[in-house]
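All chains are named by letter (A, B, ...) in the order of the sequence lines, taking the proteins before the strands, and each is independently numbered beginning at 1.
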Amino acid sequence: MAEFRALLRRDTALMWQRRGDAAQPLLFALMVCVMFPLALGSEPTRLAQSAGAVIWVAHLLAGLLVLDNLYRSDLEDGSLEQLLLAPVPLPLVIASKVLVHWLTTALPVLLVTPLLAQMLFLPDGLLPVLMLGLTVGSLLMSLIGAVVAALTLGIRRSGMLLALMALPLYVPVLVFGAGSVWSAAQGLPWLGAIWLMCAGLALLLVLAPWAAATALRLALS
Amino acid sequence: MNKIILWFNQTGSPPRFDDFATRWAGPSFLAAMVLMAIGIYGALWAVPADYKQGDSFRILYIHVPAAWMSLSIFVIMAIQSVIALVWRIKLCELLAMASAPIGALFTAVTLISGAVWGKPTWGTWWTWDPRLTSELVLLFLYLGVIGLYAAIDDRRAAARAAGFLAIVGVVNVPIVHFAVTWWNTLHQGETIRLIGPSKMDSSMMWPLLVLLAATKLWYIGSLLVRARVLNLQQESRKQWALERYGEVK
Amino acid sequence: MNHWNYILMAYGAFAVLMLWDYAAPRRALGQAMRAIRLKQRRGGPA
Amino acid sequence: MPAAAAALIEADALCFSRNEERIFGPLDFRIDAGEALLVKGDNGAGKTTLLRVLAGLLPPESGQIRLQGADFARDGFVQLAAYLGHRHGHKAELTVLQNLRFSAALHGRHDEALLERLIAACGLAGYEDTPAGKLSAGQNKRLSLARLQAGERRLWLMDEPYANLDLAGIAWVNTLVQRHVETGGAALISTHGAYAAPAVPVRTLDIRRSAAHG
């Protein structure tokens with residue numbers, strides 16, 4: 001798998017060159033979490049009740065915001081064409097792209113989530129549930145997003161369409177993710193929802209890169 | 001295998017399809033309208049009022065067929081997209097992309113009738129009933145497919161991409177339904193069965209069956225007209241289109 | 001017949017949407033045919 | 001020169017349409033080892049489209065493409081051919097060496113000596129650590145051509161290789177192609193200008209005349 005290492009090395013080098021971009025989703029998630037108390041009032045019990053849900057929605061929207069530049073820069077400088085014509089299976093190329101994209105966009109927001117939780121008075125016991133759910137959920141959303149972003153590649157101002165196409169596919173992830181935090185808050189068993197998401201992740205780790213590769217070939221043809 | 005594709009390509013050839021659609025669109029609409037009239041008459045007058053709910057249950061007679069059509073059209077669209085993508089049959093691309101707006105329309109009818117039915121029953125326009133919520137997500141799936149098809153310039157590439165999204169969407173529908181049902185039990189505990197035609201006894205069923213048939217015929221009629229439009233738009237340069245629809249010199 | 005206004009609203013919305021589904025494609029069909037006639041005036045399939 | 005029986009790449013009655021409008025075809029041509037094919041046609045005549053169809057990126061409307069006698073297969077193509085597109089094909093943020101090393105590694109070539117030799121041969125010595133974004137258009141084209149050679153593929157599909165090159169650059173590209181063709185390789189070059197062709201057996205294919213309407 002020397003090619004896969006070469007792909008990873010190249011994508012991480014690119015990530016390092018554009019590490020400033022990592023701030024974009026992070027600041028966006030922070031802003032959403034700041035807007036919420038301004039709208040709802042600073043009364044702790046009310047904020048604590050919706051903290052998990054707000055952080056989940058902030059994560060989802062931040063991921064959606066930066067989904068478009070997963071392939072965009074490679075398309076514009078012609079390197080995507082070279083990747084399509086390289087003797088490497090395209091799903092592998094996409095897997096490495098999604099992994100690095102997740103590292104640059106979802107991981108920073110994940111790392112700042114404890115801070116967001118404090119700001120919204122999330123009960124301490126719920127933080128591990130939130131972090132676990134968000135880790136699995138953000139991977140799921142990056143994989144699903146890779147398929148949707150591939151389909152909208154040939155379109156110029158595709159931001160809104162991308163969101164419209166991705167949201168229905170994100171509904172199950174959001175429901176189980178935010179639902180697990182809510183169940184934990186009620187003292188109900190919450191691990192089941194996380195296991196369901198892990199099952200989805202195991203499935204999508206194989207299916208999504210292949211589906212995104214097919215979608216890419218369709219969109220570019 | 002390629003004999004079937006050959007047959008499909010021949011009968012599905014644009015001029016032949018244009019004839020077929022022209023001939024059969026009118027009759028299917030007519031039949032649909034007749035059945036609809038009978039069904040609606042039955043739903044509004046022939047069936048006795050429900051002692052508990054009064055007359056608001058009559059709305060279900062259009063809500064249930066529309067909900068059924070919104071789901072089955074999405075499945076049909078996905079099947080046509082699979083055929084179109086795997087065997088590259090242009091006719092199936094047209095049929096799939098013509099189905100999307102009709103499905104979205106039936107979904108809208110389901111949502112509106114569901115909301116209007118909810119008002120007298122619960123006093124609120126919108127109830128987060130799991131089925132209505134899944135229906136709303138289905139509407140977004142439809143709009144995604146329609147939006148993607150409209151956004152790509154090359155018609156064939158647009159149909160392939162939107163068809164692929166329809167296939168991904170159809171896989172997502174049961175998952176959303178499962179997730180929303182779980183979500184519903186999580187947040188509201190055990191709720192009564194909100195929309196359940198099953199509790200109707202058989203004497204009140206016939207308008208429902210008539211309307212189910214009516215909406216199917218309506219779909220076929222609308223599909224034929226819409227597919228014919230897409231066909232003509234794509235084939236507008238070809239000789240047969242110019243001869244058939246050009247000015248008679 | 002109580003709640004008739006809600007029934008009217010639901011059936012009204014149904015009728016409006018079905019009518020639109022009937023009318024819109026017919027108008028598009030007319031435009032498609034017109035487009036063909038216009039193309040022909042451009043000297044046909046030059 | 002190895003007398004390959006079947007052509008490296010062969011198209012027979014190849015047609016392509018977009019929105020039911022014939023872009024090119026039917027085209028019939030073949031490229032054997034040891035020769036180059038010049039595809040002529042003014043801008044927008046479908047030259048780039050033809051190359052993308054030959055590379056399997058675009059589905060043709062009808063007709064057949066054969067690689068070394070066998071029907072077109074993506075794996076067959078990526079082993080046989082290298083593609084030079086309109087755009088650079090490499091990342092502006094990465095340095096010349098990083099871009100070249102990545103392309104070579106992608107094609108299973110991992111020895112540094114090859115990279116050094118290619119950089120020197122393409123006149124980029126001294127620019128190893130300069131990000132491609134800082135290079136001039138001509139230098140970027142040289143880097144793309146260096147990447148083209150890194151995979152050591154027999155058939156080169158080159159889309160407008162002479163673009164943004166000065167006279168010396170054009171002559172250099174021609175010697176490059178000549179050396180490649182003489183060592184058993186082949187090249188398909190699309191161009192809209194009347195540039196001097198490389199001094200090798202050359203056939204020409206004019207796309208304009210072939211756009212017969214269906």
For chain D, which residues from residues 19-30 of chain A have at least one heavy atom closer than 4.5 Å to it?
none
Name, in order of residue number, those residues of residues 210-221 of chain A that have a heavy atom at a distance of less than 4.5 Å from a heavy atom in chain D; otherwise write 'none'.
R217(A), L220(A), S221(A)
Using a 4.5 angstrom heavy-atom cutoff, name the option from E81(A), R9(A), E76(A) with the most pairs to chain D.
E81(A)
Going by salt bridge (Lys or Arg N to Asp or Glu O under 4.0 Å), name the pairs with one or both residues in residues 127-144 of chain D, residues two or more places apart or in two chains.
none
Contacting region of [X] [heavy-atom separation from chain D under 4.5 Å]:
X	result
L7(A)	both
R5(A)	neither
L92(A)	neither

Close approach to chain A in residues 82-105 of chain D, criterion heavy atom under 4.5 Å:
Y83(D), G85(D), R87(D), H88(D), G89(D), H90(D), K91(D), E93(D), L94(D), Q98(D), F102(D), A105(D)
OH (Y127(D)) with more than 12 external heavy atoms under 6.0 Å:
no
Would you mind reporting whether P87(A) and R153(D) have side-chain heavy atoms less than 4.5 Å apart?
yes
Among V53(D), L106(D), L58(D), which has the most heavy-atom pairs under 4.5 Å with chain A?
L106(D)
Name the member of R18(D), H107(D), Q79(D) that forms the most heavy-atom pairs with chain A at distances under 4.5 Å.
H107(D)
